[in-house]
Chemist: 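My questions will all concern the structure given below.
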Amino acid sequence: MKIQEADAKSLLKAQGLPVPGWELARTPDQVREAAEKLFRQGTHRVVVKAQVLVGGRGKAGGVKIANSPQEAFEVGRRILGMDIKGITVRKVLVAEAVDIVKEYYLGAIVDRASQRIVLMASAEGGVEIEEVARTNPGAIHRVEANPELGLLAFQARSLGLAIGLRDSLLNQFVAIAQGLYATMKANDADLVEVNPLGIVDVAGPDGNASPRLLCLDAKITLDDSALSRHPGLEGMRDLDEEDPTDAEARKLGINFIHLDGTIGCMVNGAGLAMTTMDLVKHYGGSPANFLDVGGGARHDVVCGAMELILADPNVKAILVNIFGGITRGDEVAEGIIEASRSQDRTVPMVVRIVGTNAEEAARLLREAKMETASSLDEAAQKAVALSKGIAQ
Ligand code: GDP
Ligand code: MN
């Protein structure tokens, strides 16, 4: 689950990381109010940032600086409602705009190859790290944290030295890198990214400016499978940006991934679902989705899953492949029959149900005059033909 910058920043702050304060706003008036508040606290400029779950907002015009509350209002009016990579901006973050001396990149990811949390840093910050990886991979430095001991200070220091930090900035960097690691662990995150991590001149009490590192942007992806361990994080799911299909699938408790083919697949078991998709491809078709209705799928779940498949206008045929173990074939058959009766458009369907109560299922399907297949190969071939409008 991706979370918005503002939520990501609050998770960083909870681990003691230096993040400039911010306010959220949903209307230009709220942007002005937020800016007024910051100006009262002594800020001279604010930055208004689109809150959308995509990178490169800066380049897309979704990050703008304003020198007065009135200017913030105008900037807010321009950014709110803007379309960034297909997403409508519904809220913005308003924060003190700091004078950035230099921008760095710092990120932590779960690296499945090394089975470690890997910290990555680069002096080429600000731009998207994928671009740096492509054009100048040598500019990205990495260290692997130890699964028992965590990210040790010397490791963080070697990373800081590699990107050219020294003295006080190096010490600050060590604390931030370790804080990033702590954020990963505390929230079961897959990715925590700060880009830019900026050097900013901050005036001290003596009036002399001293350089400080601040987390100016934050991106966090949480491990969906670990969300149940963090009930507080569920509230960070941004329903504004969630695909309605994904929300529906989550409610039904099924695994549904939308793809761009024409054959809707309803299968129980992730492995069987993949095999089904492979066979569809093998026989020259293309799957419209991955769907695992799970073991013991009850008929209301089957009905809901069918509606999700049919909601995709590209679907030209449906392939149902159920291996009844815990799942009872007759119950799935009933669900399919009910779902196909209630649909508003008729899409040809091939059903293959084997295993528990297969005979009962076959009888129900026969009575409902549904197309069946006894083997998976046969089912896949039929579905491909139907998807191409070839009558059986
Ligand atoms: P992204 O483009 O989606 O990654 O959004 P960022 O939050 O990284 O903002 C893009 C760029 O805006 C940064 O790389 C900075 O150059 C600039 N920016 C962001 N916050 C501030 C700020 O407080 N002060 C200044 N001067 N620039 C900022
Ligand atoms: Mn950024």
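Remember, it's 1-based here, ligands and their atoms both numbered in the order they're listed.
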Chemist: Met306 versus Ile318: any side-chain heavy-atom pair under 4.5 Å?
Modeler: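 Met306 reaches Ile318 side chain to side chain.
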Chemist: Counting backbone and side chain alike, does Glu193 bring an N/O/S atom below 2.8 Å of the Mn ion (ligand 2)?
Modeler: no
Chemist: Could you check whether any side-chain heavy atom of Ile84 comes within less than 4.5 Å of a side-chain heavy atom of Val54, counting everything from C-beta outward?
Modeler: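 Ile84 reaches Val54 side chain to side chain.
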Chemist: If you measure every N or O of Glu5 against every N or O of ligand 1, does any of those distances drop under 3.5 Å?
Modeler: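 No, there is no polar N/O contact under 3.5 Å.
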Chemist: Less than 4.0 angstrom from a charged side-chain N to a carboxylate O is my criterion; do Lys251 and Glu248 meet it?
Modeler: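 Judged by the 4.0 Å cut-off on N to carboxylate O distance, Lys251 and Glu248 do form a salt bridge.
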Chemist: Just checking, any donor-acceptor pair under 3.5 angstrom between side chains of Glu241 and Gln4?
Modeler: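 The criterion, which ignores hydrogens and geometry beyond distance, is satisfied for Gln4 and Glu241.
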Chemist: For ligand 1, find out whether one of its N or O atoms is nearer than 3.5 Å to an N or O atom of Gly58.
Modeler: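 Yes, there is a polar N/O contact under 3.5 Å.
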Chemist: Could you tell me whether some N/O pair between Asp99 and ligand 1 is separated by less than 3.5 angstrom?
Modeler: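 Min N/O separation from ligand 1 is not below 3.5 Å for Asp99.
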Chemist: Any side-chain donor paired with an acceptor under 3.5 Å for Thr245 and Asp243?
Modeler: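 There is such a pair between these side chains.
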Chemist: Looking only at non-hydrogen atoms, find the nearest pair between Ile199 and Pro211 and report the distance.
Modeler: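 Closest approach of Ile199 to Pro211, heavy atoms only: CG2-CB, 4.0 Å.
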Chemist: Which residue from Leu214, Leu93, Val98 reaches closest to atom 25 (C) of ligand 1 through any of its heavy atoms?
Modeler: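 Selected option, by shortest heavy-atom distance: Val98.
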Chemist: With heavy atoms of Pro196 as the reference, note each atom of ligand 1 found under 4.0 Å away.
Modeler: 8 (O), 13 (C), 14 (O)
Chemist: Pick from Lys37, Arg32, Lys9, Lys49: which one makes a salt bridge (Lys or Arg N to Asp or Glu O under 4.0 Å) with Glu23?
Modeler: Lys37
Chemist: Determine, considering heavy atoms only, which of Val63, Val200, Ile100 sits nearest to atom 9 (O) of ligand 1.
Modeler: Val63
Chemist: Work out whether the distance between some heavy atom of Ile65 and some atom of ligand 1 is less than 4.0 Å.
Modeler: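 Checking ligand 1 against Ile65, which is what was asked, there is a heavy-atom contact under 4.0 Å.
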Chemist: Measuring from atom CZ of Phe173 to atom CG of Leu197, what distance do you get when rounded to the nearest 0.5 angstrom?
Modeler: 7.0 Å
Chemist: Please report the shortest heavy-atom distance between Leu165 and Leu170, naming the atom on each side.
Modeler: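 Distance-wise, the nearest heavy atoms are O-CD1, 3.8 Å.
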Chemist: Should Glu96 be listed as contacting ligand 1, given a heavy-atom distance under 4.0 Å as the test?
Modeler: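 Yes, Glu96 has a heavy atom closer than 4.0 Å to ligand 1.
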Chemist: Which residue and non-hydrogen atom of the protein lie closest to atom 4 (O) of ligand 1, and at what distance in Å?
Modeler: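 Here the closest protein heavy atom is Asp217 OD2, 3.1 Å.
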Chemist: I need the minimum non-hydrogen distance between Val31 and Phe73, along with the two atoms involved.
Modeler: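 Val31 and Phe73 have their closest heavy atoms at CG1-N, 4.4 Å.
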Chemist: Out of Arg57, Lys64, Glu103, who gets a non-hydrogen atom closest to atom 14 (O) of ligand 1?
Modeler: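 Answer by nearest heavy atom: Glu103.
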Chemist: Do ligand 1 and Lys59 have nitrogen or oxygen atoms that lie under 3.5 Å from each other?
Modeler: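 Not met; the criterion fails.
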Chemist: Name of the Asp217 N, O or S atom nearest the Mn ion (ligand 2)?
Modeler: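 Atom name returned: OD2.
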Chemist: Who's the nearest protein heavy-atom neighbour of atom 7 (O) of ligand 1, and how far?
Modeler: Lys49 NZ, 2.5 Å
Chemist: For atom 11 (C) of ligand 1, is there a protein heavy atom at a distance under 4.0 Å?
Modeler: no
Chemist: For ligand 1, note which part of Val47 has a heavy atom under 4.0 Å away: side chain, backbone, both or neither.
Modeler: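 It is the side chain that gets close, since no backbone atom is under 4.0 Å.
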